[in-house]
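Working notes, structure below.
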Amino acid sequence: MLKVVSYIICPFVQRITGLMEAKGVPYEIEYISLKDKPQWFLDIAPNGQVPILMTEDNIALSESDAIAEYLDEEYPLLRPEVNQSVCRARQRAWVYQGTKLYLKQCSHMQSGNKNIFEERQVFMHKAFAKVEVFLKDHTATQYFCADVLGNIDMAWLPLFHRTALVQKHTGTELFAGFPLLQIWADNVMASGIAEKSVHQKFEENFTRFYLSENNYLGGGNAAKDSGCGGSSRSSCC
Ligand SMILES: N[C@@H](CCC(=O)N[C@@H](CS)C(=O)NCC(=O)O)C(=O)O
């Protein structure tokens, strides 16, 4: 069986587990600590990062883009029409727009105070505005340009899941002002794949990490923070 090496709150992992859930591909999962990476993991992960996918033949694959490509080649496509090169290229472009927001969203949620939060929000909103414009021409479908879930929906799933949890626990609407993005997010969340693609303690770990009193979203007002990519990088996403 396929195995995913994971870290509980990693969005790159959730993109892959979400994809496998949507495709109905069975897998097992092993969680590691990123603060104290086991040697066996360092031996198989050239980038030292999760996700790692162990294939049926026990070959370690790294980098979520490469893993998603492998899953598409080995298992049925969610949307067979992506075999057409134009469709495939367009979907990939929007997948990229989503995945490049993962670390930005982590930093945004981790902001220590209101100023930092609002500063980082500007970047997020610029990205959301582009999606909103695109969605205006594609309002007839439940998901992104289709009524069946696709890779694009799974690439945005981690962003949607975290946004929903922030709203649930703090009342803050990270997609405020972007109604079509919110509808898309709600539809993807209604598929139930978000919950299936994470550990049962995901919500608990997520809130402890992002919504604690050290963070603006948790009611904090710290002088500064490092954000993702800073010194705390390996302990968050
Ligand atoms: N480009 C990688 C990024 C994966 C990534 O950033 N994973 C984080 C966890 S969310 C990680 O393993 N961080 C540990 C580290 O960088 O040392 C991918 O797409 O798979």
Side-chain angles (χ1 to χ4, degrees), residues 2-23 25 27 29-55 59-74 91-111 120 123-124 127 150-163 165-166 174 193-194 197-199 201-212 215 225-237:
L2 295 176
K3 184 168 100 173
V4 182
V5 183
S6 172
Y7 176 65
I8 287 193
I9 55 173
C10 174
F12 296 92
V13 170
Q14 192 181 11
R15 170 192 175 194
I16 295 304
T17 51
L19 193 55
M20 290 196 284
E21 291 289 344
K23 282 177 183 275
V25 176
Y27 61 95
I29 195 146
E30 177 158 0
Y31 294 93
I32 60 162
S33 158
L34 292 180
K35 277 189 186 150
D36 185 19
K37 296 173 186 167
Q39 190 56 47
W40 64 261
F41 168 73
L42 293 170
D43 290 343
I44 60 169
N47 56 3
Q49 295 182 319
V50 293
I52 290 291
L53 181 78
M54 301 301 301
T55 67
I59 293 166
L61 302 179
S62 59
E63 289 294 338
S64 53
D65 281 340
I67 295 171
E69 200 173 300
Y70 170 81
L71 291 170
D72 272 355
E73 279 169 18
E74 291 294 314
Q91 179 168 238
R92 276 198 178 180
W94 284 105
V95 163
Y96 177 63
Q97 294 303 318
T99 57
K100 80 176 183 187
L101 287 179
Y102 291 172
L103 296 180
K104 297 286 184 189
Q105 188 193 46
C106 290
S107 284
H108 187 212
M109 295 183 302
Q110 232 191 335
S111 301
R120 291 176 182 165
F123 183 93
M124 299 304 288
N151 291 29
I152 167 69
D153 302 293
M154 292 304 105
W156 282 72
L157 175 80
L159 299 164
F160 296 162
H161 196 180
R162 286 151 182 76
T163 298
L165 289 178
V166 167
L174 296 179
I193 289 182
S197 60
V198 290
H199 190 280
K201 290 202 167 154
F202 172 77
E203 186 165 343
E204 188 184 315
N205 284 37
F206 173 84
T207 48
R208 193 178 326 120
F209 192 84
Y210 289 105
L211 309 179
S212 79
N215 305 323
D225 65 49
S226 54
C228 283
S231 58
S232 69
R233 167 76 193 275
S234 61
S235 62
C236 66
C237 55

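In each ligand, atom 1 is the first atom listed, and ligand 1 is the first ligand listed.
- Considering backbone and side-chain atoms alike, Tyr7 places every N or O at 3.5 Å or more from each N or O of ligand 1.
- Ligand 1 places these atoms under 4.0 Å from at least one heavy atom of Pro51: 20 (O).
- Classification of Arg92 and Asp65 as a salt-bridged pair fails, no side-chain N sitting under 4.0 Å from a carboxylate O.
- The side-chain hydrogen bond (donor to acceptor under 3.5 Å, both in side chains) search around Glu204 returns Arg208, not counting sequence neighbours.
- Each of the atoms 14 (C), 15 (C), 17 (O) of ligand 1 lies under 4.0 Å from some heavy atom of Lys37.
- Under the 4.5 Å side-chain criterion, counting only non-hydrogen atoms from C-beta, Asn151 is in contact with Gln91.
- Where the criterion is an N or O separation shorter than 3.5 Å, residue side chain and backbone included, Ser64 meets it with respect to ligand 1.
- At under 3.5 Å, a nitrogen or oxygen of Val50, whether backbone or side chain, sits near a nitrogen or oxygen of ligand 1.
- For Phe12, the heavy-atom gap to ligand 1 drops under 4.0 angstrom.
- Within the 4.5 Å cutoff, the side chain of Arg162 has heavy atoms near those of the Gln14 side chain.
- Considering backbone and side-chain N/O atoms, Asn47 never comes within less than 3.5 Å of an N/O atom of ligand 1.
- Aromatic rings from Phe202 and His161 are positioned such that their centres are separated by under 6.0 Å.
- Heavy-atom contacts of Cys10 reach the following atoms of ligand 1: 9 (C), 10 (S) (cutoff under 4.0 Å).
- Inter-residue side-chain proximity for Val5 and Tyr31 is flagged as unmet; no heavy-atom pair is nearer than 4.5 Å.
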